[in-house]
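Written out below as structure tokens is the structure these notes cover.
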Amino acid sequence: MRAQSSATAPSRIAVGAASTDPGGRSFGTVQAALGVVAFSLTFPATAWGLEGFGPWSLIAVRSILAAAVAGVCLLALRVAPPERRHWLGLAVVGAGVVLGFPLLTTLALQTSTTAHAAVVVGLLPLTTALLSALRIGTRPSRTFWIAALAGAAAVIAFTVQQSGGALTSADAYLFAALLVCAAGYTEGGRLARVMPGWQVIGWALALCLPLTVPMAAVALSYEPVHLTAHSVTGLLWVAIGSQFLGLVVWYRGMAAIGIPKASQLQLAQPLLTLVWSVLLLGEHLTVAAPLTAAAVLVCIAVTQRARG
């Protein structure tokens, strides 16, 4: 036990140091950006996964696969369990990003296109920043908030125009997903300041196993499975790429540069998702896409330079 504690101490110190070191901030921005890229592929990969799995089966199996990868890492490195005071926060992470957001968005994507789902996802950075201010007491500058609101408005205007301005029954799922995911991001970013980011998501995945294993058993018995190249690829990506590796770099990035600034990098996520949707799903973009992309990039630059 002593050896484990001493082995993990440098990692915790490194995470804390990165938040004040310029080099650590730059690397943190890169890690958060990689997380956004991984997340931007989630909706197209989910659409592929739904070609061969039911929604409940897809969510349960992806969580179990991600937990298996995380568990191997935790066991191989002999990581000691988190302190008791961190388990509640890990439960929030599990409820938000392991179960809540994947399940709600998967249910929404049964009747919604990826473009329509991006309407609500465009609000995630602002929602995360708001919850961060309430939960952790962060106080970004006025310039930060103006840029964040402008970026969110640009994303919303573009994605609503893409969907024809019509709201669907899937919006209830998407708005609920927005709230639970923002809560998971906020709590995960806070925990990533006291433990490595990969351990945050790793323990959250493990904590959800008592729910995901029975869920998988029941869902697979009721929902037919048709294995195809698309469905298997989609499942593997949402399990390993989005659910584990993406969250690892995302939480490390948030710990390094702060939750509000990291969350604003996600303003680019809906547009990236639309690009992947064109390339992978054959959807079409309008001429407004490059104009919105330019506006979003300007907002991101402003939020990254604004001081809290």
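Basis for what follows: all heavy atoms, side chains included, without hydrogens, waters or symmetry-related copies.
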Legend entry - Considering all heavy atoms, the nearest Leu281-Pro44 contact: CD1-CA, 4.0 Å
Legend entry - Side-chain touch Ile240/Leu65, heavy atoms, less than 4.5 angstrom: no
Inset, instruction - May I have the step-by-step check of side chain to side chain contact (heavy atoms under 4.5 Å, CB included) for Val97 and Trp250, ending in yes or no? - result: CA-CA 12 Å; Val97 302; Trp250 175 244; over 6 Å; no
Inset, instruction - Tell me who clusters with Val30, hydrophobic residues only, linked when side chains sit under 4.5 Å apart either directly or through other members. - result: Leu34, Val249
Legend entry - hydrophobic_cluster_shared for Trp237 and Leu272, side chain cutoff 4.5 Å: yes
Inset, instruction - With sequence neighbours left out, write down each residue that passes side-chain hydrogen bond (donor to acceptor under 3.5 Å, both in side chains) with Arg84, or none if nothing qualifies. - result: none
Inset, instruction - Please tell me if the side chains of Ser277 and Thr273 come closer than 4.5 Å, counting only heavy atoms from C-beta onward. - result: yes
Legend entry - Intermediate values then yes/no, side chain to side chain contact (heavy atoms under 4.5 Å, CB included), Trp198 and Leu245: CA-CA 8 Å; Trp198 73 271; Leu245 296 178; over 6 Å; no
Inset, instruction - Consider only side-chain heavy atoms of I, L, V, M, F, W and Y, link residues closer than 4.5 Å, and tell whether Val93 and Val79 are in one cluster. - result: yes
Inset, instruction - Could you tell me how the ring of Phe43 sits relative to the ring of Phe101: parallel (under 30°), tilted (30 to 60°) or perpendicular (over 60°)? - result: parallel
Inset, instruction - Only counting residues at least two apart or in another chain, list the ones meeting side-chain hydrogen bond (donor to acceptor under 3.5 Å, both in side chains) with Gln269. - result: Gln266
Legend entry - Distance (rounded to the nearest 0.5 Å) between Cys181 SG and Leu123 CG: 12.5 Å
Inset, instruction - Return the set of residues passing side-chain hydrogen bond (donor to acceptor under 3.5 Å, both in side chains) with Ser231 (not counting sequence neighbours), or none when no residue passes. - result: Thr228
Inset, instruction - Output every pair passing side chain to side chain donor-acceptor pair (under 3.5 Å) with a member in residues 39-48, not counting sequence neighbours, ordered by first then second residue. - result: Ser40-Trp276, Thr42-Ser242
Got a list of side-chain donor-acceptor pairs under 3.5 Å for residues 287-294, not counting sequence neighbours?
from, atom 1, to, atom 2, distance (Å)
Thr292, OG1, Ala288, O, 2.9

Inset, instruction - Identify the heavy atoms of Ala255 and Ala192 that sit nearest to each other, and give their distance. - result: CB-O, 3.5 Å
Inset, instruction - Sort out for me which residue in Leu178, Leu109, Leu104, Thr111 forms a side-chain contact (heavy atoms from CB on, under 4.5 Å) with Tyr173. - result: Leu104
Inset, instruction - State which residues pass side-chain contact (heavy atoms from CB on, under 4.5 Å) with Val72; sequence neighbours excluded, sorted by chain then number. - result: none
Legend entry - Phe39 CZ to Tyr185 OH distance, which is reported to the nearest 0.5 Å: 4.0 Å
Inset, instruction - May I ask whether Leu90 and Val69 are part of the same hydrophobic cluster, defined by side-chain heavy atoms of I, L, V, M, F, W, Y residues being less than 4.5 angstrom apart, directly or through others? - result: yes
Legend entry - CH2-CE distance between Trp203 and Met195, expressed to the nearest 0.5 angstrom: 9.5 Å
Inset, instruction - Starting from Leu179, walk the hydrophobic network (Ile, Leu, Val, Met, Phe, Trp, Tyr; side-chain heavy atoms closer than 4.5 Å) and list everyone else you reach, by chain and number. - result: none
Legend entry - Between CE on residue Met254 and CZ on residue Arg193, distance to nearest 0.5 Å: 10.0 Å
Inset, instruction - Only counting residues at least two apart or in another chain, list the ones meeting side-chain contact (heavy atoms from CB on, under 4.5 Å) with Val213. - result: Ile64, Leu209
Inset, instruction - Return the set of residues passing side-chain contact (heavy atoms from CB on, under 4.5 Å) with Cys208 (not counting sequence neighbours), or none when no residue passes. - result: Val98, Leu99, Thr212
Which donor-acceptor pairs under 3.5 Å do side chains of residues 49-57 form with protein atoms, sequence neighbours excluded?
from, atom 1, to, atom 2, distance (Å)
Glu51, OE1, His230, ND1, 3.3
Ser57, OG, Ala219, O, 3.4
Ser57, OG, Glu223, OE1, 2.7

Inset, instruction - Answer with yes or no whether the hydrophobic clustering places Phe244 together with Val92; edges join I, L, V, M, F, W, Y residues whose side-chain heavy atoms lie under 4.5 Å apart. - result: no
Legend entry - Contact check, side chains of Val302 and Ile146, non-hydrogen atoms, under 4.5 Å: no
Inset, instruction - Working to the nearest 0.5 Å, report the span between CG of Leu174 and OG1 of Thr105. - result: 7.5 Å
Legend entry - ILVMFWY cluster, Val218 and Val61 together (side-chain gap under 4.5 Å): no
Legend entry - Contact list for residues 120-131, test side chain to side chain donor-acceptor pair (under 3.5 Å), sequence neighbours left out: none
